[in-house]
Amino acid sequence: MSVFLGSPRVLPTRGVPTQGPLTDRFGRTATDLRISITDKCNLRCTYCMPAEGMQWLPRESLLTVAEVVRLARIAVADFGVREIRLTGGEPLIRPDLEELVAALGTELPGVPVSMTSNGIGLAARAQGLRDAGMTRVNISLDTLCVDTYARLARRGRLTEALEGVAAVQRVGMSPVKLNAVLMRGVNDHEAPELLHWALENGCDLRFIEQMPLDADHGWTRENMVTAAEIRESLAADFDLAPDRVPRAGAPAEKHLVRRRGEQTVLGTVGIIASVTEPFCEDCTRTRITAEGHVRSCLFSHHETDLLHLLRAGATDADVAQRWREAMWVKPRAHGMDHTGLDSGDYVQPDRSMSAIGG
C-alpha cells in the first residue's frame, strides 16, 4: 500500500528489480537500514518537536519486536544491508529495547546494531544494552551549558545526557558519536567548546545543519547555521584538514583536527551539510518508520506500508518486493528531482524528524 503524505502523484514502476539489493532509478544502493521503533520522545527540542508534544501513534500501530527482527532479516538476507540503526523518537522510550537488540543479535549474528539517542536514561541501561549486543550509540548533545540545554530541549536534563555518554564509554561501546545542531543566536557560538570537550573525552563530534523537518515548520534558510559558518567558527581554535578516508556514503564530511599552529592530529570532526552541501547522490539509506512504512528519502512525501503485509500473512518475498518497489521510486534529492532545501519549490513534509526516524 502506498501512502501519500501530500498531493498524490504518479510514481514510475517500470524497471523495478525483482531480486537483488535495494536500488533506485539513479543507481544508488541502500546498505544502511534505519528503523524507528517509536515516535515518542522525552525531550521537546525546538528544531524537532513543538513544546506541547505531538499526537503519538497508538501502541498497536508500532512495529513489534518480532516485526522489527523480520524486516531486519529481510534487509540483510535479501538486500545485503550491512548495518542496522535503531532510531526514534527516542529508542529508550521502548521498555523492550534490550529484548529487541538481543533478538537482532540472535537472528543476525555479526551485523552491527547501533542506536541514535538523546542519552536520557541511558546511564541505567548502557550495560544491559551492551550485554544484549548493541555495538554503538550516537548521542545528541547540542550544548554544554545547562541553561542553553533547557532552552533548546525544553527540559533541564543535560546532566542525564552527559551521564549517558559516560556510561556508554564505561561499558565499551565505541566510538561514541555526538550529534550537535547549532541554532543561530542560541548555541552557535559553542562550536569550539563542543569540539574541545569531545576531543578531551574521546568522542567523535558531528555538527548537523538544521534541516526543515521541524514540527512547527519554523525553519528558514537565513536562521540556519551553515557548514561554512561552522568551519569558520572552529577555525578560531583549530586547524581543519580534509580527511582523505573515503566517505562511502556517510553523511558527514570529516576533517582532521589540530590545534592552531600545531602538527599533532587530535582527532576528527564531521559536518553534515544536508542543506548547503548535499550528498544525495551518494545516499545509502533506507528508512522504516515506527509504524512500518518504507521512507525512501528523509524529505519524501510518499511512504509504502509494509506493516499491513506483515500482519496479513505475506511471505518474505512479497515484503521484499514491495520494499524494492518503494526504494525504486526514491527521488533524486530532497524529495524532488533536484537538490534544494532552500529552493522555492521545496515543500516541507508534514511529518517531523521524530515521526520519520533519524
Side-chain angles (χ1 to χ4, degrees), residues 32-43 56-77 81-141 153 155 157 159-179 202-204 285-292 306-307 310-311 353-358:
D32 179 356
L33 171 60
R34 301 192 176 189
I35 303 183
S36 176
I37 59 175
T38 180
D39 60 330
K40 294 181 181 178
C41 188
N42 42 20
L43 299 181
W56 310 123
L57 293 168
R59 180 176 299 180
E60 61 271 16
S61 297
L62 299 177
L63 290 164
T64 66
V65 167
E67 288 164 346
V68 171
V69 171
R70 184 180 175 191
L71 288 173
R73 184 183 70 243
I74 291 171
V76 172
V81 161
R82 298 193 291 264
E83 180 179 356
I84 298 167
R85 172 95 56 91
L86 303 178
T87 70
E90 173 48 53
L92 290 167
I93 294 288
R94 287 277 295 245
D96 57 359
L97 177 58
E98 289 84 352
E99 176 190 349
L100 171 56
V101 174
L104 287 168
T106 299
E107 187 73 26
L108 304 168
V111 177
V113 178
S114 61
M115 173 178 73
T116 297
S117 171
N118 60 32
I120 307 302
L122 184 55
R125 299 175 70 178
Q127 187 63 61
L129 289 168
R130 175 63 168 166
D131 293 343
M134 182 164 285
T135 54
R136 186 171 57 76
V137 180
N138 287 18
I139 299 176
S140 297
L141 186 67
R155 301 288 188 276
R157 309 185 74 171
T159 298
E160 294 173 73
L162 294 175
E163 288 172 348
V165 174
V168 168
Q169 292 178 312
R170 187 168 57 249
V171 303
M173 283 191 276
S174 63
V176 177
K177 292 187 177 181
L178 304 178
N179 297 333
C203 299
D204 291 346
R285 277 149 202 79
T286 183
R287 288 180 169 83
I288 301 291
T289 67
E291 73 272 43
L306 297 185
L307 184 59
L310 298 179
R311 295 182 179 178
M353 192 66 159
S354 63
I356 295 170

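Since this is a predicted model, take the numbers as computed values, not measurements.
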**OP:** Please lay out, stage by stage, how C41 and N118 fare under the test side-chain contact (heavy atoms from CB on, under 4.5 Å).
**Re:** CA-CA 9 Å; C41 188; N118 60 32; 3.6 Å; yes
**OP:** Could you check R157 against N42 for side-chain contact (heavy atoms from CB on, under 4.5 Å), going step by step and ending with a plain yes or no?
**Re:** CA-CA 10 Å; R157 309 185 74 171; N42 42 20; 3.9 Å; yes
**OP:** Output, in order, the C-alpha distance, side-chain angles, deciding distance and verdict of side-chain contact (heavy atoms from CB on, under 4.5 Å) for L310 and L71.
**Re:** CA-CA 9 Å; L310 298 179; L71 288 173; 4.0 Å; yes
**OP:** For side-chain contact (heavy atoms from CB on, under 4.5 Å), just list the numbers for L122 and L129, CA-CA rounded to whole Å, side-chain angles, deciding distance to a tenth of an Å, and then say yes or no.
**Re:** CA-CA 9 Å; L122 184 55; L129 289 168; 3.9 Å; yes
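Here the side chains of I35 and T87 are not in contact, with every heavy-atom distance at 4.5 Å or above. Annotation: side chain of V111 is in contact with side chain of I84 (closest heavy-atom distance under 4.5 Å). Annotation: side chain of C203 is in contact with side chain of Q169 (closest heavy-atom distance under 4.5 Å).
Judged purely by distance below 3.5 Å, without hydrogens or angles, the side chains of R85 and T116 pair a donor atom with an acceptor atom. Under 3.5 Å, the side chains of S117 and E90 contain a donor-acceptor pair of N or O atoms.
Between the side chain of T38 and the backbone N or O of G88 there is no donor-acceptor pair closer than 3.5 Å.
I288 contributes atom CD1, which lies 5.5 Å from atom OG1 of T286 (distance to the nearest 0.5 angstrom). For the atom pair S140 OG and L43 CG, the distance stands at 8.5 Å (nearest 0.5 Å). Separating the CD atom in E163 from the CZ atom in R170 is a distance of 9.0 Å, to the nearest 0.5 Å. Taken to the nearest 0.5 Å, the CD atom of E291 stands 7.5 Å off from the CG atom of D39. Here the straight-line distance linking atom OG of S114 with atom CE of M134 works out to 7.0 Å at 0.5 Å rounding.
N179 is linked by a side-chain hydrogen bond (donor to acceptor under 3.5 Å, both in side chains) to R206, counting only residues two or more places apart in sequence or in another chain.
The shortest heavy-atom contact between A167 and A123 is CB-CA, 3.6 Å. Here the closest non-hydrogen pair linking I139 and V137 is CG1-CG1, 3.6 Å. Minimum heavy-atom separation, A103 to V65: CB-CG1, 4.2 Å. Across every non-hydrogen atom of A126 and V171, the tightest pair is O-CG2, 3.9 Å.
Listed by first and then second residue, the side-chain hydrogen bond (donor to acceptor under 3.5 Å, both in side chains) pairs involving residues 61-77 are T64-E67, E67-R311, R70-D316, R73-D316 (not counting sequence neighbours). Note on residues 127-138: pairs passing salt bridge (charged side-chain N to carboxylate O under 4.0 Å, His left out), not counting sequence neighbours, are E83-R136. Contacts classified as salt bridge (charged side-chain N to carboxylate O under 4.0 Å, His left out) and involving residues 112-123 (residues at least two apart or in different chains) are not found. Here salt bridge (charged side-chain N to carboxylate O under 4.0 Å, His left out) pairs that include residues 109-121, with residues two or more places apart or in two chains, number zero.
Ion pair K177/D204 not flagged as a salt bridge, since none of the NZ, NE, NH1 or NH2 atoms sits closer than 4.0 Å to an Asp/Glu carboxylate oxygen.
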Per-pair distances, 0.1 Å, donor-acceptor, side chain in residues 91-101, under 3.5 Å, sequence neighbours excluded:
residue, atom, partner, partner atom, Å
R94, NE, D96, OD1, 2.8
R94, NH1, I37, O, 2.9
R94, NH1, L63, O, 3.0
R94, NH2, L63, O, 3.4
R94, NH2, D96, OD2, 3.2
E98, OE1, R125, NH2, 2.8
E98, OE2, R125, NE, 2.8
E98, OE2, R125, NH2, 3.4

